[in-house]
Amino acid sequence: MNEKRILQQLIIDAYHSAVKDGRFSGADDPYVKVEYPKDQKFGDYATPFALELARSARKSPLEIGGILKEYMDGTDILGRIDVVKPGYINMFLSLDHLWKNLHQIVQERDAYGRNVKENPRRINVEFISANPTGPLNIVSARAAAIGDSIANILEANGDTVEREFYVNDFGNQVTLLGKSVLARCRELDGIDYPFPEEGYHGEYVIEIARHIKETCSDEIAAIDDEEMLISFLAEKAVQYNVSGQREDLDGFRVHFTRWFNERALHEGGDVDATYRYLDEKGYLYDQEGKKVFRSTDFGDDKDRVVVREDGRPTYLLADIAYHRNKIERGYDYIIDIWGPDHHGYIARLAGAMVALGMKKEDFRVLIAQQVNLLMEGQTVKMSKRLGNFSTMRELIEEIGVDVSRYFFVMRSLDSHLDFDLALAKKESSENPVFYLQYAHARICSLFREAEKRGIAYDPGGSVREYLDNPEAVILMKLMLKFPEEIEDAAEAFEPHRLTTYLLRLAQSFHRFYTEHRVLSDNVDSNNSCLLLADATRIVMKNGLALIGVMAPERM
RNA sequence: GCGUCCGUAGCUCAGCUGGAUAGAGCGCCGGACUACGAAUCCGUAGGUCAGAGGUUCAAAUCCUCUCGGACGCGCCA
């Protein structure tokens, strides 16, 4: 249990005791808000609880605060409790508690910050799910960074998480890809062949064609029927693209638990089964030969077609079947991360989830706002079909994984992003990620220096009083909050909070380092300062790991 | 027309379920290495939180409207 919760409970207990003793009257189950004051002089934690109680208890906030304080005294977590002007109760952590937490950190190491839940949820997070019609682009890179970080954070917060990528290897887009590849194959053979109007014009299609021709020339030669050839080429091209996407993601340190093929749903009968299920439940009706899903029953603007007049299922039906499959796998919570161009789609799918028996609050769609691609300050329309886009691979090669992952995660999901690759490259040396990594490397260097000078490090030999200075105290308080930061970030699905936190951590360390000599002739002081430094590098490393950034020992 | 998101310092953005004097990074200007990494630290300047109402003891935060920007409103995926 983290400090915030412990304090919440402490206040609730104090309240109940006070009420029991007849000091004032009030509700049975009050909600106690514990917040972090902006200014250090207002304590490490504060609650406006007494203010909120004033009306019902018919006493002044200050008086109530004083009474609560009486009942809160005696805890060794807090060194001081102040009741101040309007009626805030300000709480100050004790040095002893902070110092003990340092030992906790170096004992737990990689596990520090991770929360343990009594009943962990099984969560499925689906993200990126880009069409297998080309390489991943910058937009996917953002989704990758965000989705993976959210998954990491949920895991660290005590849940069990699976990462899933949905491959749309079925339908018009794929056929179109096959036609484009065929055209390029013919072109490579020197045969005049019309390029499909709506086809994929990107250069990469030529490479795909060349690759398939090299590896599958016999099969191609054996197929007479053009339609079959297109479908063969499409399948090969999808394989090629998916494995390319997977490679890129590996390089980006994003690893999926499962790659789920849409085709399997069609071929395995899941789509039909889902149709029958919806039909039997009475969620479908006929309209001019089409089958329509009553999504308005679940809050959608209009009902949606799921089977066309010619009997082919729409994308929606396949997607419902996909999510039905997820539900059957027994997750407690399902998260989809989509681009802004799909937000209009939420109501119908969320409605379908309810129709399938999922509780509304157990399905969540997160919208990651768009990335605008700029070239030299000018907006560029990204289009796979037109072939003008910056690839994720290009991004990694140009500015590196650490910088890009940090860059994408440091913004909130809601923020729109202007991305200029040229500018990002130029400015990457100013990226705050180096500031964080430098703090870590600097600490590692300290330990190398200590070893060189023959200074032993024994956490057990640290002495609390050597850390009784403002710089060390700020650092210790931040580290104590790390588990709370993880919890908050997990509950809000906001990985960017972590980058803000880590920035403060690095800043606090650099400040401590500037003000205090870590290595000296004093054994007690050495052990104390090294304990502080060791704990700092552990928290920094664990925090960076959550957003997929390395913590280098030298740089 | 309807819907989603955004509008906070010169730039890029934080600001937690409403709380105390609105913050950071970058940039600008000025300081700090004969000691553990100066990829660092310290300081100065810079804001009508787009605007107007409303709710509240308390609003950048919640509600309504207006203005401005991006995106979406398919039997495409």
K.L.:
Ignoring hydrogens and angles, are the base of B:A77 and the side chain of A:His342 linked by a donor-acceptor pair under 3.5 Å?
P.N.:
yes
K.L.:
Please classify the nucleic acid contact of A:His440 as base, sugar-phosphate, or nothing, using heavy-atom distances under 4.0 Å.
P.N.:
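Contact class for A:His440: none.
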K.L.:
Looking at A:Asp341 and B:A77, is any side-chain donor or acceptor paired with a base atom of the opposite kind under 3.5 Å?
P.N.:
no
K.L.:
Indicate, with a heavy-atom threshold strictly under 4.0 Å, whether A:Phe170 touches base, sugar-phosphate, or nothing.
P.N.:
sugar-phosphate
K.L.:
I'd like a list of close polar pairs between nucleotides 22-29 of chain B and the protein, N/O only, cut-off under 3.5 Å.
P.N.:
{"unit_1": "B:G25", "atom_1": "OP1", "unit_2": "A:Gln507", "atom_2": "NE2", "d": "3.4"}

K.L.:
Could you check which nucleotide pairs with B:A58 in any of the strands shown, counting Watson-Crick or G-U wobble with both distances under 3.5 Å?
P.N.:
none
K.L.:
Does A:Arg554 reach a base, just sugar-phosphate, or nothing at all? Heavy atoms under 4.0 Å.
P.N.:
base
K.L.:
Tell me what A:Ser445 touches on the nucleic acid: a base, only sugar-phosphate, or nothing, going by heavy atoms under 4.0 Å.
P.N.:
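Result for A:Ser445 = base.
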K.L.:
Look at all strands and tell whether A:Ala46 reaches a base, only sugar-phosphate, or nothing, counting heavy atoms closer than 4.0 Å.
P.N.:
base
K.L.:
Here's one to test your reading of the geometry: is the NZ or CZ of A:Arg442 within 45 degrees of the ring axis of A:Phe509 and under 6.0 Å from its centre?
P.N.:
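Not flagged: A:Arg442 not positioned over aromatic ring of A:Phe509.
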K.L.:
Could you tell me which nucleotide pairs with B:C16 by Watson-Crick or G-U wobble geometry, both distances under 3.5 Å, or answer none if nothing does?
P.N.:
none
K.L.:
Parallel, tilted or perpendicular for A:Tyr166 and A:Tyr322, by the 30°/60° rule?
P.N.:
parallel
K.L.:
Select base, sugar-phosphate, or nothing to describe what A:Asp488 touches, counting heavy atoms under 4.0 Å on all strands.
P.N.:
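The residue A:Asp488 makes no contact with any strand.
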K.L.:
Of all the nucleotides listed (B:A38, B:A77, B:G15), which has the minimum atom distance to the side chain of A:Glu494?
P.N.:
B:G15
K.L.:
Quick one: is A:Ser412 getting a side-chain N or O under 4.0 Å of the B:A14 phosphate, OP1 or OP2?
P.N.:
yes
K.L.:
Does the side chain of A:Arg504 get closer than 4.0 angstrom to OP1 or OP2 of B:A14 through an N or O atom?
P.N.:
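No.
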K.L.:
Answer with base, sugar-phosphate or nothing: what part of the nucleic acid does A:Asp169 contact at a heavy-atom distance below 4.0 Å?
P.N.:
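No contact.
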K.L.:
Within the structure provided, determine whether A:Val242 and A:Phe165 are in side-chain contact (heavy-atom separation under 4.5 Å).
P.N.:
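They are not in contact (no side-chain heavy atoms under 4.5 Å apart), so the answer is no.
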